Amino acid sequence: MGEKNEGSRALPSVVFTDVDGTLLDGEHRVSPRTAAAARALAERGVPLVLVSARMPEALEGIRHELGCSGPTVCYSGAYVIDAAGAELLSRPIALGCALEVHDYVACAFPELCCMAYGYHAWVTSDRSDPRVMREERIVGVESVEGSLEEHFSERGLHKFLLVGEPDAIERAEREVGRAFPGLSVVRSSPILCEVMDGRASKTEGIGVVCEHLGAPLGSAVAFGDGRNDIDMLRAVPRSWAMANAPAEVRAAAARVTALDNDHDGLAETIFSLFGDS
């Protein structure tokens with residue numbers, strides 16, 4: 001795997017980055033140093049592509065701050081859109097299956113908050129739930145109340161986000177995954193678990209972007225901090241796990257940033273790619 005903090009100055013074809021815990025600091029903000037790193041990439045003609053569990057609308061403000069003008073990988077690879085918002089890839093959960101998942105979680109894990117996302121809709125059963133309110137504050141988007149049938153058609157939906165205490169989330173990852181083997185069920189943080197179509201992955205998402213841009217995946221760079229970033233970090237030869245990432249994520253990456261997301265670890269690594277200070 002090589003030296004964990006070693007840099008490389010070869011010009012990347014594209015830079016892929018996770019958002020929360022990687023690009024953003026602990027207060028979910030873009031730092032001035034990160035914005036400067038994004039400008040440095042743009043000046044060299046290197047696309048910066050956000051690869052996030054978030055919905056498209058929850059990434060727009062960040063894209064604007066960074067000057068990102070290319071594709072975006074949403075819902076951890078289940079939905080990829082180009083610069084104009086046109087669909088490049090969609091891996092939805094069929095509505096019938098989604099209803100089964102929703103009912104299963106409600107019965108087996110009533111203590112969890114279950115949010116549903118698809119395309120440009122975010123549906124909850126109770127917007128006054130503190131966990132929903134917290135998520136709305138973090139992403140800067142408002143959810144809507146209602147049933148899955150009301151808001152999602154035969155196209156299905158892209159993701160469930162389960163929110164709760166760490167012990168319950170760990171059990172949900174295990175038991176929902178066992179109950180629905182055709183789905184991808186993975187914790188993205190100790191209190192969050194994502195449920196998506198089994199074909200969806202950040203690796204597939206970034207592959208679609210590379211094909212769209214004509215950029216070789218082999219010369220791409222990727223950054224991440226969560227368990228849902230592991231497949232992407234393994235797929236890209238020059239990958240960095242954040243210093244704040246769990247041990248299993250750091251082990252999956254080719255390198256580890258010297259600094260964490262609260263100390264501009266991503267930005268400083270990007271500058272090191274070009275020998276900038």
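These numbers come from the heavy atoms of this one structure, side chains and all, not from hydrogens, waters or symmetry mates. One is the number of the first residue; the rest follow in order along the sequence. Please read these numbers as outputs of a predicted model, since none were measured by experiment.
Across all non-hydrogen atoms, the minimal contact from Gly21 to Asn244 is O-ND2, 3.0 Å.
No donor-acceptor distance shorter than 3.5 angstrom exists from the side chain of Arg234 to the backbone of Ala252, with no hydrogens or angles considered. In this structure, Asp229 contributes its side chain and Gly226 its backbone to a donor-acceptor pair below 3.5 Å. A donor-acceptor pair under 3.5 Å is absent between the side-chain atoms of Thr124 and the main chain of Glu145, judged by distance alone. For the pair Asp82 (side chain) and Gly85 (backbone), a donor-acceptor distance under 3.5 Å is present. Side-chain atoms of Glu175 never come within 3.5 Å of backbone atoms of Ala172 as a donor-acceptor pair (strictly under, hydrogens ignored). No donor-acceptor pair closer than 3.5 Å links the side chain of Asp264 to the backbone N or O of Ser31.
Checked against a 6.0 Å centroid threshold, the rings of His158 and Tyr79 count as neighbours. Ring to ring, Tyr104 and Phe180 are close: their centroids are under 6.0 angstrom apart.
No hydrogens or angles considered: nothing links the side chains of Asn228 and Ser188 as a donor-acceptor pair under 3.5 Å. There is no side-chain donor-acceptor pair under 3.5 Å between Arg255 and Ser239.
No more than 12 heavy atoms of other residues, nucleotides or ligands sit less than 6.0 Å from atom CD of Glu211. Around NE2 of His263, the count of heavy atoms belonging to other residues, nucleotides or ligands within 6.0 Å does not exceed 12.
For the pair Glu194 and Arg187, the salt-bridge criterion is not met [side-chain N within less than 4.0 Å of a carboxylate O]. Ion pair Glu135/Arg54 not flagged as a salt bridge, since none of the NZ, NE, NH1 or NH2 atoms sits closer than 4.0 Å to an Asp/Glu carboxylate oxygen.
Annotation: cation-pi geometry not satisfied between Lys159 and Tyr75 (NZ/CZ under 6.0 angstrom from ring centroid, within 45° of ring axis).
Aromatic ring pairs are classed by plane angle as parallel below 30°, tilted from 30° to 60° and perpendicular above 60°; the pair Phe223 and Trp240 is parallel.
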